[in-house]
Amino acid sequence: MGATAETPRRIVMTPAARRALDAAARLFYERGIHAVGVDLIAAEAGVTKKTLYDRFGSKEQIVVEYLADRDERWRAFLAERLDAAGPDPRDRVLAVFDATRDWARDLSPKGCSMVNAHAEISDPAHPAHPVITGQKRWMLDLFTRLAADLAPGRADATARALMLLHEGALVAHGLGIFPDALTGAREQAAALLT
């Protein structure tokens, strides 16, 4: 598949590549992208460094795969939650906050992987940068679609307010600024939607 600014190049996962990606994902999230080298990823995955380069080509591509895989899993998780929320637009908005709280509790105790990655990868030329910014644009688009069902004349402003609550809560959660930031953001979103 060809890469564009919006759709970076992806690789086909072999079993060895999947093991390497799983190891890299855990290490990148726990320690940071720059702190983890390919030697450590290879050792943790039980593959050779050569296998890593044969499968991924570069550490940058491993980072792309890590973030894209995490984003795909988040979108699938959220889709299930939105489907379960039913048709009521307010319930669907709040389902996003509920899903985020549950995802963060179970899979992201150190905060949003995209926000954390952006702290290390702010160069738009990095191949993972479009994955990071694309995920956040997707979230804003989702909030805009949901807000359009609630208040069509104010959809953009409402979506931006929801996005600020959502992203601010993710950062506060990741930094441990105060307890239960994600529930607080949900409560603020509910108040905004009344």
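Model, not experiment: these values are computed from the prediction. Because only heavy atoms are used, hydrogens play no part in the values below, and waters and symmetry mates are left out as well, while side chains stay in. Quick note: residue numbers are just sequence positions, from 1.
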With side chain to side chain donor-acceptor pair (under 3.5 Å) as the criterion, how do Thr183 and Arg101 come out once you've worked through the C-alpha distance, each side chain's angles and the decisive distance to 0.1 Å?
CA-CA 7 Å; Thr183 298; Arg101 181 198 59 229; 4.5 Å; no
Test item: Leu140 and Arg137 side chains (from C-beta on) under 4.5 Å apart, heavy atoms:
no
Tightest non-hydrogen contact, residues Ser122 and Pro124, listed as O-CD, 3.2 Å
Would Arg70 and Tyr29 count as a cation-pi pair here, with the cationic atom under 6.0 angstrom from the ring centre and within 45° of the axis?
yes
If two hydrophobic side chains count as joined below 4.5 Å and joins carry through other members, does Leu27 share a cluster with Leu67?
yes
Within one Ile-Leu-Val-Met-Phe-Trp-Tyr cluster: Val115 and Phe77, side-chain cutoff 4.5 Å:
no
Show, in sequence, the C-alpha distance, side-chain angles and deciding distance for Asp69 and Met13, and conclude whether the side chain to side chain contact (heavy atoms under 4.5 Å, CB included) test is met.
CA-CA 11 Å; Asp69 182 69; Met13 287 289 157; over 6 Å; no
Counting N and O atoms only, with roles assigned by atom type, does the side chain of His173 sit under 3.5 Å from a partner on the main chain of Ser108, one being a donor and the other an acceptor?
yes
So do the side chains of Leu82 and Glu80 get within less than 4.5 Å of each other, counting heavy atoms only?
no
Close side-chain approach of His166 to Leu170, heavy-atom, < 4.5 Å
yes
Could you tell me whether Arg18 and Glu65 make a salt bridge, using a distance below 4.0 angstrom between a side-chain N and a carboxylate O?
no
Taking atom CG of Leu94 and atom CZ of Arg81, what is their separation to the nearest 0.5 Å?
13.5 Å
Residues, nucleotides or ligands: over 12 heavy atoms within 6.0 Å of Arg73 CZ
yes
Minimum heavy-atom distance between Tyr53 and Lys59, given as atom pair plus value:
CE2-N, 4.4 Å
With rounding to the nearest 0.5 Å, note down the distance linking CD1 in Ile121 to NE2 in His126.
4.0 Å
Can you find a heavy atom in the side chain of Trp138 that is under 4.5 Å from one in the side chain of Leu78?
yes
What are the two closest non-hydrogen atoms of Glu120 and Gly32, and how far apart are they?
OE2-CA, 3.3 Å
Any link between Val171 and Met163 through a network of hydrophobic side chains (Ile, Leu, Val, Met, Phe, Trp, Tyr) touching at under 4.5 Å?
no
Is Lys50 salt-bridged to Asp54, cutoff N-O under 4.0 Å?
yes
Distance-minimising heavy-atom pair for Ala181 and Ala169
O-CB, 3.7 Å
Do Leu182 and Phe97 have side chains that approach each other closer than 4.5 Å (heavy atoms only, starting at C-beta)?
no
Value rounded to 0.5 Å, distance of OG1 in Thr100 from CD in Glu167
8.0 Å
Do other residues, nucleotides or ligands put more than 12 heavy atoms under 6.0 Å from the CZ atom of Arg160?
no
Parallel, tilted or perpendicular: rings of Trp74 and Trp103 (30°, 60°):
perpendicular
Tightest non-hydrogen contact, residues Phe28 and Ile33, listed as CD2-CA, 3.7 Å
Working to the nearest 0.5 Å, report the span between CG of Leu193 and CG of Leu150.
5.5 Å
Could you check whether any side-chain heavy atom of Gln61 comes within less than 4.5 Å of a side-chain heavy atom of Ser58, counting everything from C-beta outward?
yes
Between Ala155 and Ala147, which heavy-atom pair has the shortest distance, and what is it?
O-CB, 3.6 Å
Strictly distance-based, threshold 3.5 Å: is any side-chain N or O of Asp91 a donor or acceptor partner for the main-chain N or O of Gly86?
no
Salt bridge check: are Arg19 and Glu44 linked by an N-O gap of less than 4.0 Å?
no
One pair to check against side chain to side chain contact (heavy atoms under 4.5 Å, CB included): Val96 and Met139. What are the steps and the verdict?
CA-CA 10 Å; Val96 174; Met139 286 300 300; 3.9 Å; yes
Other residues, nucleotides and ligands only: do more than 12 of their heavy atoms fall within 6.0 Å of CZ on Arg154?
no
If the threshold is 4.0 Å, N to carboxylate O, is there a salt bridge linking Asp71 and Arg75?
yes
Lys136 vs Thr133 side-chain heavy atoms within contact, under 4.5 Å:
no
Does Arg90 reach the main-chain N or O of Ala190 with its side chain, forming a donor-acceptor pair under 3.5 Å?
yes
How many angstroms lie between atom OG1 of Thr51 and atom CD1 of Ile41, to the nearest 0.5 angstrom?
13.0 Å
Would you say the side chain of His129 lies within less than 4.5 Å of the side chain of His118, judging by non-hydrogen atoms?
yes
Candidates Leu21, Val47, Asp39 - the one meeting side chain to side chain contact (heavy atoms under 4.5 Å, CB included) with Leu52
Val47
